[in-house]
Amino acid sequence: MSNKATICDLALYGGSPAFCGENRKSVGASKALFDINSFCGDVAHIVVTGVLTNGGPKVTEFEHLICKRLQVRNAICVCNATVALQVALRALNVTGEIIVPSFTFVATAHAASWMGMEVRFCDINPETFTLCTKSLTKLITPKTGAIIPVHVYGKLCNTRDIERIAARYNIPVIYDAAHAFGCVYEDNTYVGTKGDCEVFSFHATKCMSSMEGGAITTNDDALAIKLRTMINFGFHGYDCVKGLGTNGKMCEVNALYGIYSLSTFDIILDMNRRNYISYQKQFLKFAEDDSDWADHVQLLPSHDGNNYHYVVMRWSTNDSRVDRDFVVAALTEENCMARRYFFPGIHAFEYYRESQPWAELMLNVTTKSTRELICLPTGPQMSDEDVTIVCDLLIFMWKNRWAIHDRLSKGKS
Ligand code: T4K
């Protein structure tokens with residue numbers, strides 16, 4: 001239960017936080033469930049053998065395990081997903097304009113810009129928050145070099161329509177699957193198997209982690225060979241460089257962490273699913289008593305093939321000053337580090353706004369979503385009781401929104 005009776009009990013107004021500092025809850029908190037002593041022993045072995053990187057046995061093992069898990073022909077481990085996107089663009093000989101959603105982490109667009117390409121921002125579907133195919137069609141020009149749709153929050157893109165459109169114009173598709181490891185498409189195939197390739201992030205904040213890292217997966221064997229060469233400076237064996245390359249390699253310790261992480265991935269998936277259901281029950285229960293809440297505050301629906309790594313809610317009250325940003329700030333003071341993923345849309349960041357000031361006008365769903373959505377903590381750090389505390393805080397703020405509104409209007413902080 002939350003510890004609030006009046007609004008003065010909110011940590012923002014001097015009350016004691018719902019979670020103590022050492023027990024702070026974050027979106028994307030890393031928590032290893034595997035045997036840490038065993039992991040450390042294996043790290044020591046890597047150090048003793050001196051085989052630290054350049055495609056060692058742990059990277060090879062990790063790649064095999066990813067292929068097996070995702071039922072895909074090739075997995076190429078990389079140092080992170082941002083570099084993976086860059087290498088994929090280069091391997092597919094992409095130039096010109098790249099279509100990306102604006103509603104994603106900045107890395108999706110930056111990867112293309114870093115490669116000297118022109119980014120074109122596409123709006124999203126209001127149900128799935130993934131690329132809107134109508135908006136996509138309007139953005140295609142003779143200069144379009146590639147499409148990078150994003151499976152944001154593990155919600156899956158409309159791959160059938162995207163790939164139909166891409167095929168019509170002969171444009172490669174690279175899925176940014178940073179959020180979607182373990183997710184399953186409607187046709188029962190795993191994310192990792194569609195488009196020209198798919199790119200995963202194994203950053204510390206992800207449910208499948210190698211601390212830093214990522215992977216490119218593809219069923220195209222020729223593309224896989226090219227990618228593998230490119231992440232190793234373009235080397236084809238000793239002393240032979242046939243093409244341009246970079247250093248995108250994953251090192252052995254990262255791969256080892258990935259192997260351990262994969263061994264407990266299903267447990268984390270279950271915990272995430274359990275947390276999601278618990279959030280959902282509590283949201284729906286309160287909605288039965290308060291139809292206003294039901295209209296303005298909702299947990300985004302999930303789907304069976306999701307990895308439930310992101311629990312996302314909409315807070316859309318526009319008549320009181322207790323808006324989404326207030327709620328995030330108040331939760332943060334309670335040591336519940338809810339996040340505004342993603343705010344603002346990438347098009348609104350200074351770097352892009354200056355070159356494409358008109359983008360805002362075409363991105364209505366994106367703009368609305370960046371103002372309303374909140375990511376809530378989940379993962380192994382959250383017990384059922386913790387989920388209840390977060391829900392109680394949200395319900396408390398909702399019930400007391402007019403009292404808080406008055407206090408804000410009177411200018412009290
Ligand atoms: N495409 C998409 C759609 C992405 O979301 C991302 C990355 C990428 C591409 C690029 O992938 P990588 O190149 O990174 O492989 C975080 C992550 O840094 C970023 O990887 C991730 N997406 C993004 C959604 O979130 P921040 O700046 O919001 O993270 P930060 O440092 O605020 O951490 C969030 C919370 O996670 C912290 O409150 C505590 C917890 N945490 C964080 C770190 C770094 C841990 O528990 N352990 C840790 O080591 O970007």
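None of the values given here were measured: they were computed from a predicted structure. Every number for a ligand or one of its atoms is a count from 1 in the order of the listing.
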4.5 Å side-chain heavy-atom contact, Val152 and Tyr310: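 Side chain of Val152 against side chain of Tyr310, heavy atoms only: no contact under 4.5 Å found.
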[Y]/[X] salt bridge by N-O under 4.0 Å criterion:
X: Glu372; Y: Arg324; result: no
X: Lys58; Y: Glu61; result: yes
X: Lys194; Y: Glu198; result: no

Considering heavy atoms of the protein only, find what lies nearest to [atom] and give residue, atom and distance to 0.1 Å.
atom: atom 4 (C) of ligand 1; result: Phe105 CB, 3.4 Å
atom: atom 45 (C) of ligand 1; result: Ser30 N, 3.7 Å
atom: atom 40 (C) of ligand 1; result: Gly28 O, 3.5 Å
atom: atom 33 (O) of ligand 1; result: Thr205 CG2, 3.8 Å
atom: atom 29 (O) of ligand 1; result: Tyr341 OH, 3.9 Å
atom: atom 44 (C) of ligand 1; result: His203 CE1, 4.0 Å
atom: atom 35 (C) of ligand 1; result: Val27 O, 3.2 Å
atom: atom 48 (C) of ligand 1; result: Ala204 CB, 3.7 Å

Atom 15 (O) of ligand 1 touched by protein (heavy atom, under 4.0 Å):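 Neighbour list for atom 15 (O) of ligand 1 includes protein heavy atoms (cut-off 4.0 Å).
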Nitrogen or oxygen of Ala81 less than 3.5 angstrom from that of ligand 1: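 Yes, since at least one N or O of Ala81 sits under 3.5 Å from an N or O of ligand 1.
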[X] touching ligand 1 at heavy-atom level, < 4.0 angstrom:
X: Arg339; result: yes
X: Ala29; result: yes
X: Ala111; result: no
X: His179; result: yes
X: Lys206; result: yes

Contact summary for Glu163 and Gly195, nearest pair of heavy atoms: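 Where Glu163 meets Gly195 most closely, the heavy atoms are OE2-N, 3.1 Å.
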Heavy-atom pair of closest approach, residues Phe235 and Thr229: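 In this case the closest contact between Phe235 and Thr229 is O-CG2, 3.3 Å.
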Distance under 6.0 Å and angle within 45° of ring axis: Arg69 vs Phe265: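 Ring-cation test returns no.
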Candidate with minimal heavy-atom separation from atom 1 (N) of ligand 1, of Asp176, Ile148, Thr82: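 The option holding the nearest heavy atom is Asp176.
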Under 4.0 Å to a heavy atom of [X] - the qualifying atoms of ligand 1, by number:
X: Thr104; result: 3 (C)
X: Ala107; result: 8 (C), 9 (C), 10 (C)
X: Gly213; result: 15 (O)
X: Ser26; result: 38 (O), 39 (C)

Plane angle bin for Phe342 and Tyr153 - parallel if under 30°, tilted between 30 and 60°, otherwise perpendicular: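 Taking Phe342 first and then Tyr153, their aromatic rings lie parallel (interplane angle under 30°).
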Tyr260, Tyr257, Phe202, Phe200 screened by ring pair (Phe, Tyr, Trp, His ring centres under 6.0 Å) with Phe62, the one that passes: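 Among the candidates, only Phe202 passes.
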Contacts of type ring-ring contact (aromatic ring centres under 6.0 Å, His included), residue Tyr175, not counting sequence neighbours: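 In terms of ring-ring contact (aromatic ring centres under 6.0 Å, His included), with neighbours along the sequence ignored, Tyr175 is linked to His151.
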Euclidean distance, Ile162 CD1 relative to Ile148 CD1, rounded to 0.5 Å: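 The CD1 atom of Ile148 sits 12.0 Å away from the CD1 atom of Ile162.
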Arg164 atom CZ, over 12 foreign heavy atoms within 6.0 Å: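 Counting other residues, nucleotides and ligands, CZ of Arg164 exceeds 12 neighbours.
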